[in-house]
Structures are given as structure tokens and as C-alpha cells.
Amino acid sequence: MRGEIEGKESSRMALPFVAVCFFCVFFNVAQTDAQIPEAIGRLAEQIAEEGGAETAAECLEYYEELFENPLNINATCESELERLMLLSEFQIRSLLEYVEEYGAILSESELCLVSGFDAALVGLLRPFISFGKKEERGNAHKGLRHDAMLRTDRKFAPASGEYGLPVTLTGKYSVDDGNLWNAGISVRHNAFDTLRKGLIPSFTSAGVSFHDIPLSSRSVRKGRKKTSPSLDKIVVGDFTARFGQGLSIWKAFPVNFLSNPSSLCKSANGLNRYNSTSEGNFLRGVGGTVSAGRWSASLWASHSLAGTNLTITSGRIRIGATFCIYGKDSTVTSIDIFCTLGKGWRIFGEAALSHTVIPTPAALTGFIYSPSYEFEAAILMRSYSTSYDAPDGGAYSTLSKCKNQQGITAALLWRPSKWKIHFSCDAVHHPGPRYGIDTPSTVIKTRFDAELALGKETDLSFRTTYSYKTATEEHKAGIRIQSANRLLPCITLISKVEGCSIWNPAPELGFIAHEEVAIKLVDDRLSIRARLAYYSTTSWNTRIYSYEYDLPHTFSIPVFHDSGLYCYGLASYRTGSGISVWIKASSRLCRLGIILRI
């Protein structure tokens with residue numbers, strides 16, 4: 001997996017194929033060469049604008065993780081479907097009931113027959129799901145599966161005073177038996193790293209995970225199915241931890257984005273082996289989870305903290321308690337709840353107490369209403385004390401930490417006829433000082449999206465955003481219009497115009513327009529995409545992010561400011577023997593990739 005948010009380069013450096021050259025080689029076994037849907041990329045654009053490049057990368061890597069481990073929808077449960085963060089409560093319930101009544105779903109066409117699912121949604125889900133047998137869990141497969149990736153990044157013009165190897169080397173390898181265990185290692189050597197001689201890695205991550213180990217032959221009920229008491233998971237090495245709504249611990253990607261109203265509720269998935277090369281969002285140590293019937297218990301310890309979680313699920317109610325120890329004098333205790341009330345209602349929340357010198361509280365609660373495919377709404381309220389301290393917390397927050405805010409977030413999704421309308425509003429007050437602001441402040445953000453499907457040939461989308469910050473008296477507004485026209489079965493033309501303006505107090509403007517063509521030939525084995533864009537912005541404050549397709553396991557969201565022309569082209573060819581060749585060239589870089597499917 002590879003991720004990059006590309007920065008601005010001066011116009012004189014915007015010459016084809018000379019800025020950066022990457023060479024990527026991927027060796028995959030039984031791995032599709034499909035790409036993350038463009039809808040996820042558009043979501044990442046918005047995240048980049050609001051939370052910065054790092055947060056956008058976290059969003060895309062979150063879906064890359066799902067991409068690497070597709071979910072078997074015929075052998076899944078409600079909590080696993082929630083983790084996709086793309087389905088409403090109605091759609092999840094409808095899917096589970098369909099599988100229960102009619103058996104395994106065998107194809108995309110059959111999934112479209114499930115109430116609440118259409119071709120557009122199925123196309124969005126397809127990279128993240130599989131159609132396995134009902135008795136198979138997750139992405140079970142026979143035999144060992146090996147995945148390996150090697151990448152080199154070369155700097156052609158090092159900054160003055162930099163010494164050492166002028167390339168960044170990244171490698172990943174993982175092995176999965178599809179049944180009881182998987183393991184992996186990731187290494188990276190940074191360019192011009194003079195602290196390490198030769199090719200000693202600048203960063204190394206490794207781990208092994210064992211899962212679904214039976215502890216008894218006695219059958220008990222767990223959710224919808226009967227299983228035996230088991231050791232759900234043991235992780236050794238580097239791992240992530242997601243529990244509750246993240247007030248006590250969410251040591252992984254924060255995932256503070258709003259793809260639909262249901263995504264306001266986090267879906268915890270406990271302990272998992274870490275498989276990225278990003279530093280900081282993981283724990284290093286050992287952990288495990290044991291389950292028996294309605295109960296599950298997790299225990300973990302690392303170099304920075306130790307903790308435990310106990311969860312009970314009874315019918316439509318799930319309650320969890322988490323306790324974390326950060327050093328000698330800092331602890332965090334929390335209780336979380338998730339309840340499905342029927343008729344489309346869900347309630348969730350978490351209350352926590354951090355203790356350093358004195359106990360300090362934090363709490364959040366939310367409601368989701370999804371009575372049908374056509375309508376969904378959600379509200380999230382939160383109150384975090386200014387001195388609340390959970391170093392590895394990751395609850396919904398407009399700051400990098402879960403502290404110093406009282407806020408409310410509301411979202412609405414409506415599908416009348418061929419339309420899809422989404423509206424969200426977030427209002428948050430910061431009672432204490434924060435980075436760069438010494439006084440109490442308030443921030444208000446709104447967003448409105450409308451999509452229209454005109455038959456099978458044309459899709460239109462429209463988006464407006466507005467935000468206001470009291471600390472700087474800054475108003476910011478944005479607008480986007482995009483269309484996708486299928487001129488022929490093999491040719492699609494994508495047009496986009498986007499602009500933004502800021503009053504702080506003088507007005508500043510930003511603008512970008514692009515035309516993109518996507519062509520598929522030779523029974524869809526040959527794919528070509530090309531884009532030409534013109535952009536002009538007053539300053540860095542009115543910069544614009546624009547998602548573009550890239551090599552598999554690679555993503556790009558270039559940021560545009562100043563003014564100029566930009567172009568890129570991407571071509572791929574898949575042979576009948578399972579070999580795919582990809583090449584991308586733009587005004588800023590060139591990439592070549594080879595995928596082997598063995």
C-alpha cells in the first residue's frame with residue numbers, strides 16, 4: 001500500500017516527467033487490481049481541505065485496509081458491516097435478513113436485488129466485499145497467501161547540505177493461511193538518512209496475529225450464530241486498538257469523517273495486526289481477545305500503555321467498559337453503549353474519566369434514525385473538558401485531541417427519486433485556548449451535496465460548503481459542479497468546476513476546472529485515463545485539493561495554488577496470464593508499476 005498527498009511545485013518545475021520518478025513493483029497472490037472508487041477519493045478531498053493532508057491519508061489508508069481484506073458479506077454480522085462506514089442501519093438490516101432468508105448472495109446482480117441496494121452502491125462496495133460461502137468467515141481461503149511489495153522513491157534535486165542515499169526504499173511482506181494466523185513486516189529507509197549507515201531501515205514494523213482458536217467444544221450462542229468459546233485473537237508485535245467511541249483508546253486512524261449520517265457512530269473492531277508504514281498510529285507489544293457467548297474480554301500491553309476491555313452483547317444492546325493505564329500517574333476509564341431500538345432507531349454513547357492530578361470527564365452521545373433506504377438522519381453531541389487527557393484517544397473531535405470542546409453535529413441523507421441529497425452541520429465551542437488562539441472560540445461548518453442520475457449515461461453532482469471562525473472572523477465558502485457522461489460504452493468524460501472564497505477580512509479566491517477522459521478497450525483489459533486542468537488561486541488559504549486515479553495501492557490528492565496548467569495520464573493493461581502493467585505520468589511525477597497475480 002502506498003499513499004501520498006502531493007504538494008505544490010513552482011510553475012517552472014511543472015515540466016513532464018522530471019520532478020519525481022517512482023518505480024513500484026507489487027507481487028500479489030489472488031489479489032484484484034481494482035482501485036478504490038472515486039467516491040472515496042472525493043471524500044478524501046473534503047477531509048484534506050478541513051483536516052489537512054495527513055487526515056486525508058488516514059481516510060484513504062483506512063479503506064486501503066478494507067481493500068486488502070474484503071469482507072465476506074455472506075458470513076458477516078452487523079458490527080462488521082458497520083465498519084465499512086458506507087451503509088445505513090436499514091441497509092445493514094436488510095442485507096442480514098436477505099442472507100438469513102434466501103441464503104448466500106452469489107453476485108453483484110443479486111446484491112442489487114436486496115432492498116436498499118442499487119447499482120451505484122454495489123459499485124462503491126465492490127472493492128471491499130466478497131461473495132464467499134456462508135460457513136466461511138472473513139476472507140478465508142485455502143492454503144497460504146503471500147503478498148509482497150517493493151517501492152523506491154528517488155529525489156533528483158536534494159536540498160543543500162543533504163547527504164546519504166538519495167532514495168526512499170519501502171518494502172512490505174505478509175503471509176496469511178486464511179484460517180488461524182497471519183504475519184507481516186514493513187520496512188522503510190528514508191532518503192538522505194545519515195543516522196543509519198548502508199540500508200539499515202529508518203522504520204521497521206512487524207507483527208503476527210492468531211485468530212479463531214477454539215477453547216471448548218461446548219456450543220454457545222454469539223450474535224446470530226452458534227460458536228464455541230474461542231480465543232478470538234492474539235497479536236504480537238505492532239497492532240492497533242479500537243474500542244468504544246474512542247474516548248479512552250483508539251490507537252489507529254482516527255476516521256473522523258462523514259461519509260453518511262451513520263458514520264457519526266464509530267464501529268470498534270478491537271485488536272488487529274498493524275500493516276502500514278506510517279509511524280505513530282500503532283501500539284508495540286502484545287494483546288489478546290477471548291469470547292464466550294455474549295461476553296468478550298481484551299487485554300493488551302505495550303511500551304506506552306496497558307489496558308483492558310470487557311464487552312457484553314445482549315440482544316440489541318452492547319455495553320463495554322475500558323480501562324487504560326498511561327504511565328504511573330495517568331489512567332482513563334470509560335463505559336460505552338450501543339443500542340438498536342427497532343424501527344430504524346439506534347443510540348450510542350460513551351462517558352470517560354481521565355485521572356492525572358484530579359479526575360476530568362468527557363462524554364458523547366448520539367442518535368441515528370434510518371427507517372428506509374430513502375431517508376437517514378443522525379445527531380452527535382459531545383463535551384470534552386479542557387484538561388481531559390487520553391493520549392491515545394480518537395473520538396469524534398475537531399481538534400487533534402479529544403479535549404477542550406462542546407459541540408453538536410447533525411447530518412441528513414435523503415434519496416427522492418433519482419436524487420441523493422446530503423446535508424451536514426457542525427457547531428463547536430472551544431472554551432479554552434488552543435494552538436494559535438489564546439481566547440475561547442467557536443467554529444461552524446456546513447456542507448450540502450446533491451447528486452442526480454440521468455439514466456445510465458449521465459451523473460451530475462453539486463456541492464456547497466460554508467464555515468465561520470469567530471477567533472479570526474473568517475468566512476469561507478466553496479462550490480463544486482461535476483458531471484460524468486458516458487459518450488460510448490467504452491468512453492466516459494468527466495468535467496469539474498470548483499471554486500472557493502475567503503473573507504479575512506479582504507476576499508481571496510480560488511478556482512480549478514478540469515476535463516478528464518476514461519477509456520476501456522480490448523475487453524476492458526486496456527484502460528486509459530487522461531486529465532487537463534487549469535487552476536488559479538489568490539493565496540495558499542484558497543488552495544484546492546483534487547483527487548486523481550493512480551496505481552493500485554497508491555493514491556494522490558494534489559494540492560493546487562498559485563496558477564497554471566496541470567495534466568496527467570494513466571494507462572494499464574491486464575494480460576490473460578495474470579500480469580498487469582501500469583504507468584502514470586503527470587506534470588509533477590512519473591510512476592511505473594507491475595502486478596503479478598500468481
Side-chain angles (χ1 to χ4, degrees), residues 1-2 26-31 61-62 64-72 80 83 130 136-151 169-189 200-215 227-243 249-253 268-292 296-309 324 392 553 598:
M1 178 176 61
R2 163 182 171 73
F26 302 89
F27 301 91
N28 292 291
V29 178
Q31 176 66 38
E61 289 201 1
Y62 177 81
E64 284 281 7
E65 183 179 340
L66 295 175
F67 180 90
E68 294 285 351
N69 301 280
L71 181 66
N72 178 7
E80 289 175 335
R83 292 178 199 131
S130 64
E136 294 176 348
R137 294 293 297 166
N139 59 335
H141 52 83
K142 295 181 179 180
L144 294 178
R145 187 183 73 184
H146 302 268
D147 296 309
M149 181 272 285
L150 173 64
R151 184 182 79 243
L169 303 175
T170 304
K172 292 177 62 177
Y173 170 76
S174 66
V175 57
D176 187 347
D177 80 332
N179 187 23
L180 293 177
W181 64 273
N182 61 74
I185 183 171
S186 302
V187 296
R188 186 182 70 250
H189 179 85
I200 298 177
S202 307
F203 171 77
T204 302
S205 174
V208 59
S209 172
F210 303 90
H211 48 89
D212 296 332
I213 304 173
L215 298 178
T227 64
S228 59
S230 66
L231 183 59
D232 284 358
K233 189 164 293 184
I234 296 178
V235 288
V236 180
D238 295 343
F239 61 95
T240 60
R242 299 181 177 100
F243 291 96
I249 183 170
W250 195 275
K251 194 60 174 177
F253 307 134
N269 60 352
L271 306 175
N272 288 279
R273 182 177 65 84
Y274 186 69
N275 60 1
S276 180
T277 55
S278 299
E279 300 181 36
N281 280 323
F282 64 91
L283 301 173
R284 179 164 291 174
V286 62
T289 300
V290 178
S291 68
S296 69
S298 299
L299 182 68
W300 64 92
S302 76
H303 64 285
S304 60
L305 69 91
T308 183
N309 172 270
C324 297
D392 291 324
H553 314 284
I598 303 173

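For the atom pair SG of C324 and CH2 of W300, the computed distance is 5.0 Å after rounding to the nearest 0.5 Å. How far OG of S304 is from NZ of K251: 6.0 Å, rounded to the nearest 0.5 Å. Atom CG of N309 is separated from atom CD1 of I249 by 9.5 Å, given to the nearest 0.5 angstrom. The line from CH2 of W250 to CG of D392 is 13.5 Å long, rounded to the nearest 0.5 Å. Distance check, rounded to the nearest 0.5 Å: CG of L283 to NE2 of H303 gives 7.5 Å. Note that the CZ atom of R242 and the CG atom of N269 stand 4.5 Å from one another [nearest 0.5 Å].
Listed by chain and residue number, L144, H146, Y173, W181, A183 satisfy the side chain to side chain contact (heavy atoms under 4.5 Å, CB included) test with V175 (two or more places apart in sequence, or in another chain). Taking A206 as the reference, I185 meet the side chain to side chain contact (heavy atoms under 4.5 Å, CB included) condition, with sequence neighbours excluded. Residues passing the side-chain hydrogen bond (donor to acceptor under 3.5 Å, both in side chains) test with S174: none are found, sequence neighbours excluded.
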The test is side-chain contact (heavy atoms from CB on, under 4.5 Å); show your working for S209 and N272 and say whether it passes. CA-CA 7 Å; S209 172; N272 288 279; over 6 Å; no
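What you find for S130 and N72 is that their closest heavy atoms are OG-CA, 3.4 Å. Here the closest non-hydrogen pair linking S205 and Y274 is OG-CD2, 3.5 Å.
Of the residues listed (L180, L271, N182), the one engaging H211 in a side chain to side chain contact (heavy atoms under 4.5 Å, CB included) is N182, and it is the only one.
Proximity of R284 to D238: side-chain heavy atoms (C-beta onward) are separated by under 4.5 Å at one or more points.
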